[in-house]
Amino acid sequence: SILSVRAERQEVRLTFVTHLECAMCARRFDATKLHNMCPTCARPLWVRYDLAAVGRELTKRTLERRAPSMWRYGELLPMRDPANVVSLGETMTPLVSAKRLAERFGLDDLLVKDESRLPTGSFKARGMALALSRAKELGAERVALASVGHAGPATAAYAARAGLDAWIFMPDDTPTIDQKECRLAGAHTFLVGGQLHDCARIVADGQLPMEWFDISTLREPYRIEGKKTMGFELAEQLGWELPDVILHPTGGGTGLLGMWKAFAELESLGWLTNPRKPRLYACQSDGCAPLATAFARGERFAPRAESVRTVASGLRVPAVVGDFMLLDAVRQSGGAVLALPEGEIGRWMRLAASDDGLFLCPEAALCLGALETMRMRGQIKRGMKVVLWNTGAAHESPEAMEAALPRIDLGKPLDWAALRKAA
């Protein structure tokens with residue numbers, strides 16, 4: 001699709017970005033320069049577009065002719081020059097029907113959006129492809145990130161692809177595979193004896209002395225733009241009619257925020273056949289659930305989680321920078337933020353794999369728990385179209401899976417009755 005954009009370069013305006021805008025105070029910023037958060041509010045920035053101009057330039061028919069990748073939505077992305085796009089082949093991801101799980105929960109239509117097919121094995125590839133592309137385009141040479149999961153390897157891989165110097169800071173309990181993948185891709189990777197916000201403080205403090213650009217969650221505006229392509233894809237795959245319910249694991253919240261932004265932009269373009277937006281269910285583990293706590297209290301800002309205990313590493317976010325943005329979106333949608341029991345993650349992973357052959361990451365397994373909970377409460381009903389987001393590959397989280405298997409001793413005759421029992 002990068003090639004298709006280049007081929008159309010003479011006839012297509014390459015960017016429709018008008019400005020950046022603080023999500024709290026609405027102060028405007030020049031989109032042609034590197035920015036982190038609003039200096040007044042210390043809150044995230046939105047990327048804003050001339051959607052009327054996009055509507056005159058881009059049509060559904062034009063879109064249909066483009067290659068199936070996240071870059072097909074170029075007019076709704078901030079890149080100015082296709083030569084600056086940093087890509088590892090970000091294909092559109094499939095919507096997989098989960099028929100047996102649907103039957104189990106009494107649903108007619110349950111779909112799984114499988115982001116494990118992306119480069120680096122998770123939906124982090126979308127955000128980092130865009131964030132690193134834009135950082136490169138705006139002149140960054142060194143980037144830094146606080147990460148407790150798959151964002152680290154995605155940053156390392158795309159920074160290597162872009163020729164940027166990457167520095168990554170991770171809590172001690174970050175899964176080993178994420179640590180190794182960062183080193184493998186050549187990033188300067190450090191373990192920190194603290195939590196994610198402690199790593200974020202190191203990155204923030206190092207901006208002047210180390211001259212790096214902070215690309216941690218919501219501390220720059222473009223990861224959301226990469227994540228919003230999930231919303232564009234979903235709408236296009238469903239014939240521009242959005243589902244009734246979306247279940248999405250939520251740590252920092254860029255996934256749901258990106259989709260909510262995508263739906264608003266599509267509505268403005270008049271592309272949705274049904275203007276009703278989905279109910280958003282943000283799913284957290286009860287081992288780290290600051291957003292669920294704030295939602296239950298009716299508050300707009302989330303408290304810092306004092307205790308962090310979950311095998312779903314992508315959800316180990318005790319302090320959420322974009323808390324009010326996410327909570328606003330969930331409430332506007334009529335959805336909820338749920339804290340699901342940590343101890344049930346393994347059961348839900350096994351259920352998805354044994355029923356439908358779907359290897360959900362532990363974060364997504366919590367969404368299956370949310371479906372189970374909301375179905376019992378009657379808030380998700382038969383006849384609704386439900387989409388569950390698998391944000392990453394299960395094999396990237398081996399610590400979440402049971403490993404003890406029964407053994408066969410080849411020195412003894414097989415006892416078939418014992419074999420059946422052991423199985």
So ring pair (Phe, Tyr, Trp, His ring centres under 6.0 Å) across residues 134-157, not counting sequence neighbours, yields none

First locate atom NE2 of His197, then atom CD1 of Ile202, and finally report the distance between them rounded to the nearest 0.5 Å. 11.0 Å

Tell me, please, which residues at least two apart from Glu181 pass salt bridge (charged side-chain N to carboxylate O under 4.0 Å, His left out). none

State whether the side chain of Arg72 and the backbone N or O of Ala67 hold a donor-acceptor pair below 3.5 Å, judged by distance alone. yes

Is it true that a side-chain atom of Arg142 and a backbone atom of Met210 form a donor plus acceptor pair closer than 3.5 Å? yes

Heavy-atom pair with the smallest gap, counting every atom of Ala157 and Ala185: N-CB, 4.0 Å

Measuring only between side-chain heavy atoms, which start at C-beta, is Val245 closer than 4.5 Å to Leu371? no

Residues that Leu234 engages under side chain to side chain contact (heavy atoms under 4.5 Å, CB included), provided they are two or more places apart: Leu95, Leu238, Pro243, Ile246, Phe263, Val387, Trp389

For Cys283 versus Ala370, what's the shortest heavy-atom pair and its separation? SG-CB, 3.5 Å

Arg48: partners by salt bridge (charged side-chain N to carboxylate O under 4.0 Å, His left out), with sequence neighbours left out: Glu21

Ala151 meets the side chain to side chain contact (heavy atoms under 4.5 Å, CB included) criterion, sequence neighbours left out, with Lys124, Met128, Leu145, Ser147, Arg223

With side chains defined as the heavy atoms from C-beta onward, is the minimum distance between Thr91 and Ser69 less than 4.5 Å? no

At what distance, to the nearest 0.5 angstrom, does CG of Leu338 lie from CG of Asp286? 11.5 Å

In residues 167-175, what donor-acceptor pairs under 3.5 Å come from side-chain atoms, sequence neighbours left out?
residue, atom, partner, partner atom, Å
Trp167, NE1, Asp165, OD2, 2.9
Thr174, OG1, Pro171, O, 2.9

State whether the number of non-hydrogen atoms from other residues, nucleotides or ligands found under 6.0 Å of Lys60 atom NZ is greater than 12. yes

Heavy-atom donor-acceptor pair, Ser133 side chain to Val86 backbone, under 3.5 Å: yes

Ignoring hydrogens and geometry, is there a side-chain-to-backbone donor-acceptor pair from Asn390 to Ala364 under 3.5 Å? no

